[in-house]
Amino acid sequence: MHDIRFIREQPEAFDRALARRGIAPMSKEFRTLDEERRAVQTERQDLQAKRNDASKKIGEAKRTGANADDLMAVVAAMKDRLTALDETDRRLGQKLQDLLASYPNILSDEVPDGRDENDNKEVRRFGTPPAIENPKEHFELGEALGLMDFEAAAKLSGARFTVLKGALARMERALGDFMLDLHTGEFGYTEVSPPLLVKDEIMFGVGQLPKFTDEMFFAGRTKSREALLREALSTADPADIEGMRRGEISLEDFVASVLSKAPTKEDLWLITTAEVPLTNLVNNMIVDREKLPMRVTARTPCFRSEAGASGKDTRGMLRQHQFYKVELVSITAPEQSKDEHERMTSCAETVLKRLELPFRTIVLCAGDTGFSSSKTYDIEVWLPGQKVYREISSCSNCLDFQARRMNARCRAAGDKQSAFVHTLNGSGIAIGRCLIAVMENYQQPDGSIVVPSALRPYMGGLERIG
RNA sequence: GGAGAGGUGGCUGAGCGGUCGAAAGCGACGGUCUCGAAAACCGUUAUAGGUGUACGCCUAUCAAGGGUUCGAAUCCCUUCCUCUCCGCCA
């Protein structure tokens with residue numbers, strides 16, 4: 001969500017920011033709409049002031065028993081205009097809000113120009129890829145061990161699901177435990193166990209709604225088609241029903257009209273990441289400045305439809321509809337977010353260092369940076385089976401972009417002025433992909449997998465799988 | 001799922017058609033007093049937006065959104081949330 005005052009005061013800067021994302025200039029439209037709305041608002045408020053004044057006098061007159069007919073006539077005369085202004089103000093205000101919420105965040109100056117992932121810049125590298133002869137991919141290793149079952153998963157849920165068994169199921173659990181212990185024990189994050197189903201406004205707060213419904217799963221409660229139909233019909237305009245009966249309105253138009261007015265209340269969305277509930281912990285709050293930065297972490301399942309990735313990564317468990325991830329979220333005061341972003345990224349990197357997995361960290365270019373983010377580091381882990389670095393963590397500084405959508409502020413004790421907080425989120429890290437990385441990097445010629453020493457305490461001392 | 005009771009400022013809690021952005025108490029902050037503190041006393045005590053160079057003025061907000069009315073915290077409708085009892089349930 002953008003700040004209309006920023007656009008009003010620095011229209012060129014706003015247009016330049018859009019240009020970096022490959023979006024045509026919009027400041028003119030914003031300013032026209034803004035001026036129109038403020039004109040309406042001013043007239044409306046003046047009229048309201050007059051009405052309030054007259055109403056007050058009517059009250060006094062009635063109390064003393066005097067005649068108030070003249071005054072009442074004055075108020076009645078402005079009624080139509082006022083109603084029209086109310087409506088216009090509401091409409092323009094909504095239009096402005098929707099427009100402000102539909103453009104991506106302004107990129108940091110530190111983000112390199114570029115169109116897509118090919119233009120991302122490496123910032124550092126850790127470890128060296130192990131020399132493995134004829135390395136296998138994780139699904140080959142897992143299936144051979146009998147601990148990874150894609151057929152069973154397909155039977156239960158279709159494509160893009162996995163059944164893990166035995167030591168691999170345990171390793172998944174161990175990885176999450178290890179990460180949570182690291183972040184809470186050494187980096188000061190507070191562990192949270194949040195809801196996995198959330199409301200519309202919560203998805204809006206992090207920028208997931210209204211634009212990205214395709215990526216999400218929806219948790220609707222079952223209702224019969226009849227009930228749904230009756231519910232929709234109950235909102236139909238009687239004039240439309242009559243019109244359709246007389247054949248003046250086609251069935252198609254009638255249905256369209258009913259649906260446009262039908263209740264839009266949704267049930268709940270499955271979270272795509274724990275960022276959603278964790279960031280929204282401060283939704284619609286004014287937080288004490290002294291309590292910032294606030295650092296929280298959670299291990300949760302994540303649910304993604306992967307609608308835009310058909311055909312990509314279909315083998316194995318690299319890209320799933322459901323996977324576990326440990327998420328890091330920081331809520332900071334505005335001046336803290338830049339340092340916090342570096343700190344958070346290093347917290348995520350530490351996970352890979354402790355597991356002794358080779359990785360590199362890149363900064364995403366303008367064209368590859370997500371909607372809500374102003375700057376994003378991706379951490380990519382080495383996968384010997386594919387011989388490439390693959391994304392395993394993404395750490396973003398959203399500045400006040402999400403805070404505006406959520407109305408999340410902070411205020412120092414004794415201060416009058418409040419400010420929007422800054423929000424940051426990062427994977428710390430994706431558990432499913434981490435499991436893959438461990439399997440492939442620690443694979444042995446006989447198909448067994450050595451357990452990284454950092455993980456052994458979490459697996460009852462087990463040193464090798466298979 | 002059924003029945004009922006509610007949602008008022010940082011908190012407790014009055015108000016139930018007019019002068020109410022809202023009594024009172026608590027808390028917090030400032031002052032008097034004191035060597036200092038406590039007590040006592042006096043005072044201050046929301047947020048957002050519009051508008052003007054400016055002390056300022058105006059608008060909105062008593063869960064949210066509509067409506068009735070000259071006028072709504074107060075009346076009506078819808079939604080959300082909380083609590084109590086019953087049923088069901090890991």
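In the text below, chain A, chain B and the rest are named by the order of the sequence lines, each starting its count at 1.
Residue A:Gln41 places no side-chain atom within donor-acceptor reach of the base of B:G49, judged by atom type and a 3.5 Å distance cut-off alone.
Comparing the same atom, P, in B:C33 and in B:U19 gives a spacing of 41 Å after rounding to whole Å. Separating the C1' atom of B:G49 from that of B:C86 is a span of 48 Å, rounded to the nearest Å. Across the P atoms, B:A72 and B:G67 are found 12 Å apart, a figure rounded to whole Å. On the C1' atoms, B:U82 is 25 Å away from B:G25, given to the nearest whole Å. If you take atom P in B:G15 and the same atom in B:A23, they sit 14 Å apart, rounded to whole Å. Taking atom P in both B:C76 and B:U59, the straight-line distance is 27 Å, to the nearest Å. Across B:C62 and B:G7, the matching P atoms stand 14 Å from one another, rounded to whole Å. Taking atom C1' in both B:A14 and B:U74, the straight-line distance is 13 Å, to the nearest Å.
Counting any heavy atom pair closer than 4.0 Å across all strands shown, A:Asp46 reaches no nucleic acid atom. Residue-level contact check: A:Ala49 touches the backbone only, with heavy atoms under 4.0 Å from sugar-phosphate atoms and none from bases.
With a 4.5 Å cut-off on side-chain heavy atoms, A:Leu435 and A:Tyr324 do not count as touching.
Distances were taken from every side-chain heavy atom of A:Val75 (C-beta onward) to each of B:A60, B:C70, B:G50; the shortest belongs to B:C70. The side chain of A:Gln48 lies closest to B:A60 when the candidates are B:U47, B:U51, B:A60. Distance from the side chain of A:Gln45 is smallest for B:C58 among the nucleotides B:C70, B:U51, B:C58. The side chain of A:Ile58 lies closest to B:G18 when the candidates are B:U51, B:G18, B:U59. Distances were taken from every side-chain heavy atom of A:Arg8 (C-beta onward) to each of B:A60, B:G50, B:A48; the shortest belongs to B:G50.
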Test log, rule salt bridge (charged side-chain N to carboxylate O under 4.0 Å, His left out), inputs A:Glu110 and A:Lys338
CA-CA 11 Å; A:Glu110 293 155 22; A:Lys338 194 175 151 57; 2.5 Å; yes
Can you list the steps and then say if A:Arg304 with A:Glu306 is a salt bridge (charged side-chain N to carboxylate O under 4.0 Å, His left out)?
CA-CA 6 Å; A:Arg304 300 189 182 175; A:Glu306 296 295 346; 5.1 Å; no
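Atom-to-atom, CD of A:Glu43 to P of B:U59 comes out at 15 Å; the value is rounded to the nearest Å. At whole-Å resolution of the value, CG in A:Asp89 and P in B:A48 are 19 Å apart. To the nearest angstrom, C1' of B:G49 lies 12 Å from CD of A:Gln97. Distance, A:Arg90 CZ to B:G65 P: 10 Å, rounded to whole Å. Rounded to whole Å, atom P of B:A60 lies 14 Å from atom NZ of A:Lys50. Atom CG in A:Asn407 sits about 17 Å away from atom P in B:U61, given to the nearest Å. The CZ atom of A:Arg411 sits 15 Å away from the P atom of B:C29 (whole-angstrom rounding). Between the NZ atom of A:Lys56 and the P atom of B:A72 there is a distance of 12 Å, rounded to whole Å.
A residue-by-residue look at A:Ile4 and A:Ala76 shows that A:Ile4 has its nearest nucleotide of RNA chain B further toward the 5' end. Along RNA chain B, the nucleotide nearest A:Ala54 and the nucleotide nearest A:Arg5 are compared for position; the residue whose nucleotide lies closer to the 5' end is A:Arg5.
Not one side-chain nitrogen or oxygen of A:Arg44 sits closer than 4.0 Å to the OP1 or OP2 atom of B:A60. Not one side-chain nitrogen or oxygen of A:Arg51 sits closer than 4.0 Å to the OP1 or OP2 atom of B:U69. Contact between the side-chain N/O atoms of A:Ser418 and the OP1/OP2 oxygens of B:A48 is found at a separation under 4.0 Å. Here A:Asn52 reaches the OP1 or OP2 of B:U59: one of its side-chain N or O atoms lies under 4.0 Å away. At B:A48, one or more side-chain N or O atoms of A:Arg409 fall inside 4.0 Å of OP1 or OP2 (strictly under the cut-off).
Between the CG atom of A:Asn105 and the CE atom of A:Met1 there is a distance of 12.0 Å, given to the nearest 0.5 Å. We find the CD-CG distance between A:Glu391 and A:Leu318 to be 10.0 Å, quoted to the nearest 0.5 Å.
In a base pair of the Watson-Crick type (N1 to N3 plus N6-O4 or O6-N4) or a G-U wobble (N1-O2 and O6-N3), with each distance short of 3.5 Å, B:G36 is matched with no nucleotide. Across all strands shown, B:U12 forms a Watson-Crick or G-U wobble pair, both distances under 3.5 Å, with B:A24. Searching all strands for a Watson-Crick or G-U wobble partner of B:G30 with both distances below 3.5 Å returns B:C42. A 3.5 Å limit on both hydrogen-bonding distances identifies no Watson-Crick or G-U partner for B:G17. In this structure B:C80 sits in a base pair with B:G7, meeting the Watson-Crick or G-U test at under 3.5 Å. Of all nucleotides present, none satisfies the Watson-Crick or G-U wobble test against B:C62 with each distance under 3.5 Å. Base pairing analysis places B:C57 opposite B:G50; the two distances defining the Watson-Crick or G-U wobble pair are each below 3.5 Å. Using N1 to N3 plus N6-O4 or O6-N4 for Watson-Crick, or N1-O2 and O6-N3 for G-U wobble, each under 3.5 Å, B:G87 pairs with nothing.
Judged by the 6.0 Å distance and 45° axis criteria, A:Arg354 is not positioned over the aromatic ring of A:Phe178.
Side-chain rings of A:Phe401 and A:His2 approach one another, their centers coming within less than 6.0 Å. Between A:Phe371 and A:Tyr103, the gap from one ring centroid to the other reaches at least 6.0 Å.
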